[in-house]
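In this text, all values refer to a predicted model and were calculated from it rather than measured experimentally. Indexing begins at 1, ligand by ligand and atom by atom, following the structure's order.
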Amino acid sequence: MANDILKGKRGIIFGALDEHSIAWKVAEKAAEEGAIFTLTNAPIAMRMGKINDLAAKCNAEIIPADATSLADLDNLVQGSMDKLGGKLDFVLHSIGMSPNVRKSKPYTDLNYDFFQKTVDVSALSFHKVMQTTMKLDAMNEWSSILALTYIAAQRTFPDYSDMAEAKSMLESIARSFGYHYGTAKNVRVNTISQSPTRTTAGSGVKGFDDFIDFADKMSPLGNATAEDCANYCISMFSDYTRMVTMQNLMHDGGFSSTGITAKMLEKD
Ligand code: NAI
C-alpha cells in the first residue's frame with residue numbers, strides 16, 4: 001500500500017514499547033512511506049521493551065527521553081534535528097501511564113501523588129514536547145503533531161480512572177497549543193481518539209477483555225485496530241491533511257456516534 005506519501009519528511013515517534021504498541025505500527029508504516037525519524041521512549045521502558053528491533057527494521061536511531069523531563073526533551077529534539085539533517089515534519093506522542101490504574105486504586109480513593117504523575121506523564125508531557133520544539137524552532141511550516149487519546153475524556157468509563165482527566169487535559173492542550181502553533185508557524189496539532197486496542201497500556205485497565213468486546217459490538221465498523229490507527233496517523237502526517245488542526249479526531253469504527261446496535265441487543 002506504500003505510496004511514499006511521507007517521502008522527505010523527518011519526525012520523532014514516542015512510545016513504541018513492543019510490537020503491539022500503536023507507535024510501533026506507526027513507525028513501520030512511516031518508514032514504508034519514505035519518512036526518516038528517531039524513536040524515543042523512557043529509559044526504563046527501553047530496558048524492558050524491544051525498541052532496538054524496531055530501530056533496526058526502520059533504520060532509525062534511538063534517543064532515550066523521559067517525556068516529563070525538559071532536559072531530556074531538549075536533548076531529544078536537538079539530537080533528532082542533528083541526526084536527521086534538518087527541522088521536523090511530524091511528531092507522534094503515544095504515551096500514557098497511570099500509577100493509580102497500575103496499583104488498582106479505586107477512583108474514589110486516589111493517591112494524589114500518583115494522580116500528579118498520571119497527568120505529568122500522560123498530558124503535560126504533550127505540552128512539554130511542543131514547548132521544546134517551539135523554543136528550538138524545530139518544526140517546519142505545515143508540519144503535524146499528533147497525540148493519542150481515548151473517549152473517556154468525554155464520557156465516563158469508570159475503570160479508566162484518572163486517565164480520563166489526563167486525556168481531557170491532553171485534548172485541551174492540543175486545541176490551545178494548536179492555536180498558538182498555527183498562528184506562529186502554521187504547525188498543526190491534533191489528537192486521535194482510538195478504539196480500545198490490545199497493548200501494554202490498554203490491557204492495564206481492569207476488565208479490558210469485556211470492555212473491548214463491548215466496544216466492538218457498539219461500533220458499526222467494529223473496533224479500529226492498531227494498524228488502522230497507524231494508517232490514520234500517516235495520513236495526518238501527510239500533506240493531504242494540511243488544513244486539519246486543533247481537532248479531536250474520532251477513530252473508533254463509529255462508536256462515538258452510536259446509541260445502540262443490533263449486536264448489543266442479541267440474546268444468547
Ligand atoms: P503502550 O504501552 O505500547 O505505549 C505507551 C507508551 O508510553 C510506552 O511505550 C511507555 O514506555 C510510554 N511511556 C510511559 N511513561 C513514559 C515517560 N515518562 N516518558 C516517555 N514515554 C513513556 O500502549 P499503547 O496502547 O500503544 O499507548 C499509546 C497511546 O495510545 C497512549 O496515549 C494510550 O493512552 C493511547 N490509547 C490507547 C488505547 C488502547 O486501548 N490501547 C485506546 C486509546 C488511546
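- Looking at Glu171 and Ser168, their side chains never bring a donor and an acceptor atom within 3.5 Å of each other.
- Pairs passing the salt bridge (charged side-chain N to carboxylate O under 4.0 Å, His left out) check and including a residue from residues 176-199, sequence neighbours excluded, read Asp137-Lys185, Arg198-Asp209.
- Taking the charged nitrogens against the carboxylate oxygens, Lys128 and Asp120 do have a contact shorter than 4.0 Å, which makes a salt bridge.
- Under a 4.5 Å side-chain heavy-atom criterion applied to ILVMFWY residues, the cluster that includes Met236 comprises Ile5, Leu6, Ile13, Ile22, Trp24, Val26, Phe37, Leu39, Met46, Ile51, Leu54, Ile62, Phe90, Leu92, Leu146, Leu148, Ile192, Tyr232, Ile234, Phe237, Tyr240, Val244, Leu249 as well.
- Within 4.0 Å of ligand 1, protein heavy atoms come from Gly15, Leu17, Ser21, Ile22, Asn41, Ala42, Ala45, Ala65, Asp66, Ala67, Ser94, Ile95, Gly96, Val121, Leu148, Thr149, Tyr150, Lys167, Gln194, Ser195, Pro196, Thr197, Thr199, Thr200, Ala201, Gly202, Phe208.
- A search for side-chain hydrogen bond (donor to acceptor under 3.5 Å, both in side chains) contacts involving Thr200 returns Asp18, not counting sequence neighbours.
- Under 4.0 Å is where a charged nitrogen must lie from a carboxylate oxygen, and between Lys7 and Glu33 no such pair does.
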